[in-house]
Amino acid sequence: MPTFHAYIGTTAVFLATFGFQLASLFDPKWVQYKSPEPYLTETNYGLFHKCSTLTADCRRFPQKTWGDCDQDKGTSSGWVNLCLEWRIAAGMAVASTVAGLWVLAGLATVFYTGERFRAQGWKHILGLIGIFAGLQIVSMALVAHVAGTSAMFAHHHFGPSFIFSNVSWGLAAVLALGVILYARYGAQGYIALEE
């Protein structure tokens, strides 16, 4: 069975991972556009908002009434449905956050239950971490596809929130792999992963 320190380490790494996910969810900087000097303006596109220094405000994004969905058509590099894909990406990010809360609840349960559940609980936590990372990968891939194929995002680049999302799912994948390796080859014993 894993040591108490292994549980603490897993929780600490997952809290960092979850923090990156929350930062990517709430910071509206998934895709950015910065105009060249001397008239420096910045437009940031988040999963739910678009903010511009030109108008000094934020609004919901994407919205058909503002013409955000006018770019929904085939391009030379393929079909892009900006509004649909962006909304699905936002939904996946929210679902990933819910899965992250379930991981935290599972870790708390493992801390405060008996040895039998501690030995078996890791299988469930690993599954939840996998779902957490998988939903983020889908969200990130959809935003990358839209940003790469939509004419609306010509000359734009990925912002810090996009990077935070990548760091989050990357840490979650490394955490899951580390737990599996520790379970298989750890000096303190093992967790039965198959049954």
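Just the heavy atoms: all of them, side chains too, but no hydrogens, waters or symmetry mates, feed the values below. By convention here, the first residue in the shown sequence is residue 1.
Using a 4.5 Å heavy-atom threshold, the side chains of Q21 and S96 count as touching. Side-chain contact between R59 and H49 is absent, with no heavy-atom pair separated by less than 4.5 Å. Taking the side chain as every heavy atom from C-beta outward, W30 and L47 approach each other to under 4.5 Å. With a 4.5 Å cut-off on side-chain heavy atoms, L171 and F20 count as touching.
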| task | Might you work through the side chain to side chain contact (heavy atoms under 4.5 Å, CB included) test for K50 and N44, ending with a clear yes or no? | result | CA-CA 6 Å; K50 173 185 174 183; N44 297 304; over 6 Å; no

| said: Go through it in stages, so that I can follow the logic: the residues are Q32 and H156, the test is side-chain hydrogen bond (donor to acceptor under 3.5 Å, both in side chains), and I'd like the CA-CA distance, side-chain angles, deciding distance and then a yes or no. | reply: CA-CA 6 Å; Q32 294 181 310; H156 288 60; over 6 Å; no

| said: Working note: T97 + F26, criterion side chain to side chain contact (heavy atoms under 4.5 Å, CB included); need CA distance, chi angles, decisive distance, verdict. | reply: CA-CA 11 Å; T97 303; F26 294 116; over 6 Å; no

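For the residue pair W86 and G46, the shortest heavy atom distance occurs at NE1-O, 3.0 Å. Counting all heavy atoms, side chain and backbone alike, D27 lies closest to S161 at O-OG, 2.7 Å. For the pair L25 and A93, the tightest heavy-atom approach, listed with the atom from each and the gap, is CD1-CB, 3.7 Å.
For the atom pair CG (L128) and CG (L101), the distance works out to 11.0 Å, reported to the nearest 0.5 Å. K34 NZ to H157 NE2: the interatomic distance, rounded to the nearest 0.5 Å, is 5.0 Å.
The side-chain hydrogen bond (donor to acceptor under 3.5 Å, both in side chains) search around W169 returns N166, not counting sequence neighbours. Considering only residues two or more places apart in sequence or on other chains, S168 meets the side-chain hydrogen bond (donor to acceptor under 3.5 Å, both in side chains) condition with Q136. Take S35 and apply the side-chain hydrogen bond (donor to acceptor under 3.5 Å, both in side chains) test, not counting sequence neighbours, and it matches T41. Applying the ring pair (Phe, Tyr, Trp, His ring centres under 6.0 Å) criterion to F48, with sequence neighbours excluded, gives no partner residue.
V31 and L40 are assigned to two separate hydrophobic clusters, defined by single-linkage of ILVMFWY side chains at heavy-atom distances under 4.5 Å. When the side chains of ILVMFWY residues are joined at heavy-atom separations under 4.5 Å, either directly or via intervening members, I137 and V167 end up in two distinct hydrophobic clusters.
At least one donor-acceptor pair under 3.5 Å links the side chain of T17 to the backbone N or O of V13. Although no hydrogens or angles enter the test, the distance criterion places a donor-acceptor pair under 3.5 Å between the side chain of T53 and the main chain of E42. Within the 3.5 Å criterion, the main-chain N or O of F164 finds no donor-acceptor partner in the side chain of S24.
By the 6.0 Å contact criterion, CZ on F18 is enclosed, its count of non-hydrogen atoms from other residues, nucleotides or ligands being greater than 12.
Only one option out of L107, L104, T11, L175 pairs with I125 in a side chain to side chain contact (heavy atoms under 4.5 Å, CB included); it is L107.
Residue V174 belongs to no hydrophobic cluster, having no ILVMFWY side-chain heavy atom closer than 4.5 Å to its own.
Pairs of residues two or more places apart, or lying in two chains, never qualify as ring pair (Phe, Tyr, Trp, His ring centres under 6.0 Å) while including a residue from residues 90-109.
Two rings, from Y33 and Y45, have their centers 6.0 Å or more apart.
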